[in-house]
Amino acid sequence: VRAEHTGGLVARNRELAHLDHILWRARAGSASSVVLRGEPGVGKSALIEATVARATDFGVVRLRGTALDEDAPLPKEWPQPVIELLAQAPASLARRTGESPPELTPAQAASGVEAATRAVRALYDQVQAPLLIAVDDCHLLPGWLPDVLSQAVTNHLSDLPIALVLAWRDTPHVASPELTVPVPEHRLEGLNHQQAVTLLHQQFGELPIESVMSALLAATGGNPSALLDVCSRLGEEQLNGWRPLPEPLPLGQALVGAFGQRLAGFGEDVRYALAAASAGRLPVSVLEAALEDLGLSIDVLRPAQKAGIVVLRGERLDFAHPLVRAGAFWSVPKELRSRAHAAIALAFAARGQIERSAFHASQHTVRRDETVARLFTQSARIALDRGESTAAGGYEEMAADFGPTDDASARHLARAAALWMSVGELARARVCVGRAADFYRAVFGWNVRGRDTERPSFDDGTGHVSGAWMSSLEASSRHRS
């Protein structure tokens, strides 16, 4: 599975320097190898692309791992020496993919290294120039193949101008390949805050606000591909902090499949319970109630807890890796995702946590839902009681999204505008008033012919919302009532 976005080469100078070094050594007539490893989307393939681009004077052999089925032919584009190498392996080993190399007998190991040596030498003889062999996605190949290739280059062909680059995934909770010979390796990690800022600025030219940036970094573990993927799926108002971020963050199917790989081995009940647990950062008591509403028990999660996928931290059940959490949620059917949010909303409401109930109710409900609008109205009142007018303004905007009628939505927006004005957010108040006006046009026929002759001016000329505008909205609401 390929990630939909590549993370580029931000913060990969150390790895690039080492790759440049093995190319330099090959030009000088010596063979060397290096391993690139890390979770899906962290930038391994981008580094291979950069290495190939630097090797303009090399003969280049690029292999990309593919799951090998016993009955399927090998990829036609693979070089003949590689195909012959696989064909020479014992039948029981030829198509065994992934993880660490199987236990080979001494005779099998020696035979495999000898065959790999012949294959690599044949590739070099074909190009008669420095040779770069880049093998991506080694985790999809028979586990012994990268091992015998690395032994051949390191121990038997060290006097030839050959550079070998091996790359594989360290998928969370899934065993990774390991070599039996010491080869320098780079374990690629997620980006830190400043590196993530650089990546997003390069890609999009602008950045989310600081609080959203921190939330994105935590929810992706700094994974470059995930950061780019998520940002491409969020709206401008979410990135600017005016609307709440979804729980969990949206993620493309390529990354969902990669990080959800380990979950596929669980039964349907475990995967459904994990999806419910991933729908929010939930107290155990709320999760238990939500699972019961879904016909499940929290005990169903024990296999996932034993595998280290979820961990109990005090009164909360957390995922060990944030992107496995996203994979658990987005890999189940949409109906189940909606039911999970609905059950969580009910559980929070039963405990008097109206604001959290409103959020989860909004995640599964289509527009025009009076119950959800009422929950957000209650949330606004609760926020005002705490003295948080900013939060109350956001809740009134959310209530407008779910208002049962255009008039109801316009009234929520008018209240939101007043709240934003009270905290000095005039620009946001303008947005709310403009949206309210759009609803009132539909209700009262304002500006139906393209010219607004009845609506008062928004601005009174001093930089403040005009009293006539607010009075007009209030009068319209009273008239409608």
Side-chain angles (χ1 to χ4, degrees), residues 208-215 234-247 280 345 348-349 352-363 365 367-441 443 455-460 462-478 480-481:
I209 65 167
E210 186 63 26
S211 61
V212 172
M213 187 72 208
S214 297
L234 295 176
E236 182 180 348
E237 293 203 332
Q238 291 170 319
L239 293 171
N240 288 329
W242 299 113
R243 295 298 178 100
L245 297 174
E247 284 279 0
F348 275 125
Q353 298 184 47
I354 301 302
E355 291 164 275
R356 298 192 71 178
S357 176
F359 171 80
H360 284 281
S362 71
Q363 297 294 290
T365 307
R367 299 295 176 91
R368 301 300 191 194
D369 189 307
E370 188 172 6
T371 300
V372 178
R374 190 179 303 117
L375 282 170
F376 277 115
T377 300
Q378 290 178 269
S379 298
R381 292 170 182 163
I382 293 169
L384 280 174
D385 288 343
R386 293 197 305 266
E388 296 181 7
S389 297
T390 298
Y395 288 141
E396 286 289 2
E397 284 197 57
M398 293 297 293
D401 288 347
F402 296 93
T405 65
D406 286 347
D407 185 31
S409 293
R411 283 185 276 119
H412 285 302
L413 286 165
R415 287 196 287 268
L419 288 163
W420 289 124
M421 289 167 57
S422 72
V423 293
E425 291 285 359
L426 182 60
R428 192 61 190 174
R430 287 175 178 272
V431 171
C432 292
V433 169
R435 290 175 179 170
D438 291 337
F439 282 118
Y440 276 125
R441 288 189 186 100
V443 175
R455 179 166 63 114
S457 172
F458 171 83
D459 197 316
D460 63 3
T462 65
H464 296 82
V465 176
S466 71
W469 223 118
M470 297 306 296
S471 298
S472 175
L473 287 179
E474 293 167 0
S476 297
S477 294
R478 289 194 299 271
R480 183 67 174 172
S481 300

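Atom set for the values below is all heavy atoms of this structure, side chains included, hydrogens, waters and symmetry mates excluded. Values in this document were obtained by computation on a predicted structure and should not be read as measured data.
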Minimal heavy-atom distance between Gly280 and Glu247, with the atoms involved, is CA-OE1, 4.3 Å
To the nearest 0.5 Å, how far apart are CZ in Arg386 and CD in Glu355? 4.0 Å
Drop me the distance from Leu239's CG to Leu245's CG, to the nearest 0.5 angstrom. 7.5 Å
How long is the straight-line distance from NE2 of His360 back to CZ of Phe348, given to the nearest 0.5 Å? 5.0 Å
Sidechain N-carboxylate O distance under 4.0 Å for Asp385, Arg381: no
For a quick test of reading the model, state the closest non-hydrogen atom pair linking Leu419 to Ser389 and the distance between them. CB-O, 4.1 Å
Grab the two heavy atoms, one from Gly393 and one from Ala416, that are nearest each other, plus how far apart they are. O-CB, 3.7 Å
With a 4.5 Å limit on heavy-atom distance, are the side chains of Gln238 and Pro246 in contact? yes
If you apply the rule side-chain contact (heavy atoms from CB on, under 4.5 Å), what do you find for Phe359 with Met398, and how did you get there? CA-CA 9 Å; Phe359 171 80; Met398 293 297 293; over 6 Å; no
What one should report as the nearest heavy-atom pair of Glu397 and Leu413 is CG-CD2, 4.5 Å
Judged by atom type as modelled, is there a donor-acceptor pair below 3.5 Å linking the side chain of Arg368 to the main-chain atoms of Gly403? yes
Provide the closest heavy-atom pair for Ala429 versus Trp420 in the form atom of the first, atom of the second, distance. N-CB, 4.0 Å
On a heavy-atom basis, the closest approach of Ala391 and Ala383 is CB-CB, 4.0 Å
Nearest 0.5 Å, what's the OG1-CZ distance between Thr390 and Arg428? 12.0 Å
Just verifying a value: how many Å separate Asn240 CG and Leu234 CG, rounded to the nearest 0.5 Å? 11.0 Å
Using a 3.5 Å distance criterion without hydrogens, assess whether the side chain of Thr377 forms a donor-acceptor pair with backbone atoms of Ala373. yes
Please report the interatomic distance CZ(Phe402) to OG1(Thr371), rounded to the nearest 0.5 Å. 11.5 Å
With Ser379 via side-chain hydrogen bond (donor to acceptor under 3.5 Å, both in side chains) - residues at least two apart: none
